[in-house]
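Bear in mind that the values here come from a model prediction, so they are computed numbers and not experimental data.
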Amino acid sequence: MRFLHCSDVHVTADYRALPLRRLGWRRWLALPELLAAGRARAYDEAPRTLSAIARAMPAHGAHHLILSGDLTACALDLEFQGARDALGALAEDRGRCTVIPGNHDVYTPGSARGRRFERYFGHLLESDLPEHQREGAFPFVRLVGEDAAVVGLCSARVPPLPGLSRGVIGPEQLDGLAAIVSDVRLASRALLVVVHHAPLKPQGTAALGPWGLSDGPDLCKLLRGPRHAILHGHIHHRFHHPATAEHPHVFGAGSSTQAGREGYWLIDVESGQVTGGTIQVPPFP
């Protein structure tokens, strides 16, 4: 089995063309970084890049695409629609595509209350083992082939203030994940656990602090050995910490569509074990 892992695609909108009242004060505070500092410009080609990544799956022999959050920059309908359009037919097929929300996809209380992410991608959150769900749709399980299962977690919470992007999985989802790990029906499968926030920094130390994953150490303790991998985004650096007997593989996808830093992982599974991964660059036409 082969999985394509991308993240943080940050599809943007034309913010200058939108009424300020529609944007709201949280997005107002982001406009200097998005417009004056050039962050939005770095993602002008995000839909085209994401579309190229999706179209590359057959050439790579990849069976399933995993997108670990931050489909949008500001959780606007226009951005969600752009991400869904870029994924094309994959966005309709949960057998071939897994998507979870990132902190930018719940950017405002209104986007969370209105379940904006779910309106566009909720059909991809259905679980093959719903008895393990604890907090809404999470954790969900996607059985892929005979050798693997993808487990989706949600660490994205609406921050009290913009710029505070700390992630929390929470005890309920961790309890569900523990049940998944011990489920005898999954014993012969590799478990690819998808979460937006990073449990580890590129240097290998715990990613804590105002932007990290507060219960990352608890997550890693549940997943030991090469049967398990954690796939994440949030940190815009692409890296891999190989598994040991006590720790899972950790794959950070970085930002797959940021201009000049485009890329994604191909992750291989064989006989119920994660055997490694290779970095690829989108094949632009």
Side-chain angles (χ1 to χ4, degrees), residues 1-7 9 50 52-69 87-100 121 123-130 132 138-153 176-177 179-196 199 219-220 222-233 238-245 247-254 256 263-283:
M1 300 294 299
R2 174 166 284 178
F3 294 82
L4 190 157
H5 173 214
C6 59
S7 195
V9 297
L50 179 57
I53 292 171
R55 292 196 310 271
M57 281 186 62
H60 291 310
H63 302 86
H64 198 92
L65 182 144
I66 296 171
L67 206 171
S68 54
L87 285 169
L90 281 175
E92 310 300 326
D93 187 355
R94 69 186 189 92
R96 298 173 59 219
C97 184
T98 294
V99 179
I100 63 165
F121 295 100
H123 58 291
L124 298 180
L125 304 181
E126 295 179 18
S127 182
D128 293 327
L129 298 176
H132 294 314
F138 301 96
F140 64 81
V141 178
R142 183 87 67 253
L143 304 178
V144 184
E146 299 295 326
D147 289 337
V150 177
V151 180
L153 299 174
L177 178 61
I180 290 167
V181 171
S182 61
D183 192 320
V184 295
R185 294 170 293 180
L186 302 174
S188 64
R189 294 176 181 264
L191 297 183
L192 282 70
V193 178
V194 188
V195 65
H196 178 63
L219 173 63
C220 291
L222 287 173
L223 306 169
R224 297 184 175 182
R227 177 193 172 206
H228 303 110
I230 298 172
L231 282 57
H232 70 83
R238 201 163 292 119
F239 60 92
H240 171 215
H241 297 304
T244 67
H247 300 282
H249 291 277
V250 177
F251 290 93
S256 294
Y264 52 93
W265 281 102
L266 295 177
I267 299 171
D268 291 316
V269 170
E270 185 176 350
S271 301
Q273 303 283 304
V274 179
T275 57
T278 56
I279 293 173
Q280 301 290 323
V281 175

Heavy-atom side-chain contact between [X] and [Y] under 4.5 Å:
X	Y	answer
L124	F140	no
L223	V181	yes
T278	R2	no
V269	V144	no
H228	V274	no
L177	V151	yes
T98	H64	yes
F3	L231	no

Does the pair I230 and V195 meet the rule for a side-chain contact (heavy atoms from CB on, under 4.5 Å), with working shown? CA-CA 7 Å; I230 298 172; V195 65; 3.9 Å; yes
Main-chain N/O of D268 paired to T275 side chain as donor or acceptor, under 3.5 Å: yes
Could you state the interatomic distance from CD (Q280) to CG (L266), rounded to the nearest 0.5 Å?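 Reported value, rounded in 0.5 Å steps: 4.5 Å.
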Residue pairs meeting salt bridge (charged side-chain N to carboxylate O under 4.0 Å, His left out), one or both in residues 179-188, sequence neighbours left out, come to E131-R185, D183-R185
Run the side-chain contact (heavy atoms from CB on, under 4.5 Å) test on I66 and I100 for me, step by step, so that the C-alpha distance in whole Å, both residues' side-chain angles and the decisive distance to 0.1 Å come before the verdict. CA-CA 9 Å; I66 296 171; I100 63 165; over 6 Å; no
Work out which heavy atom in [X] is nearest to a heavy atom in [Y]; give both atom names and the distance.
X	Y	result
S68	S7	OG-OG, 2.8 Å
H232	P199	CD2-CD, 3.8 Å
A253	C6	CB-C, 3.9 Å
P139	G176	CG-C, 3.8 Å
F138	L153	CD2-C, 3.6 Å

Which of parallel (below 30°), tilted (30 to 60°) and perpendicular (above 60°) describes F239 and H241?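 Geometry flag for H241 against F239: tilted rings.
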Using the ring pair (Phe, Tyr, Trp, His ring centres under 6.0 Å) criterion, which residues pair with H60? Sequence neighbours excluded. Y264
Hits for ring pair (Phe, Tyr, Trp, His ring centres under 6.0 Å) against H240, two or more places apart or cross-chain, chain-then-number order -> H249, F251, W265
Is it the case that over 12 heavy atoms from other parts of the model lie below 6.0 angstrom from the NE2 atom of H247?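 Incorrect, the count does not exceed 12.
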Please indicate whether E92 has more than 12 foreign heavy atoms, meaning atoms of other residues, nucleotides or ligands, lying under 6.0 Å from its CD. yes
Does the pair V193 and I180 meet the rule for a side-chain contact (heavy atoms from CB on, under 4.5 Å), with working shown? CA-CA 11 Å; V193 178; I180 290 167; over 6 Å; no
List the steps and the verdict of side-chain contact (heavy atoms from CB on, under 4.5 Å) for V9 and I53. CA-CA 11 Å; V9 297; I53 292 171; 5.8 Å; no
Sorted by chain and residue number, the salt bridge (charged side-chain N to carboxylate O under 4.0 Å, His left out) partners of E126 (sequence neighbours excluded) come out as R94
Ignoring hydrogens and geometry beyond distance, is a side-chain donor-acceptor pair present between H132 and S127 at under 3.5 Å?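 Note: H132 and S127 side chains miss the donor-acceptor criterion.
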Among residues two or more places apart or on two chains, list those pairs meeting side chain to side chain donor-acceptor pair (under 3.5 Å) that have a residue in residues 139-153. none
Test side-chain hydrogen bond (donor to acceptor under 3.5 Å, both in side chains) applied to S256 - qualifying residues, sequence neighbours left out: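 Result, side-chain hydrogen bond (donor to acceptor under 3.5 Å, both in side chains) vs S256: none returned.
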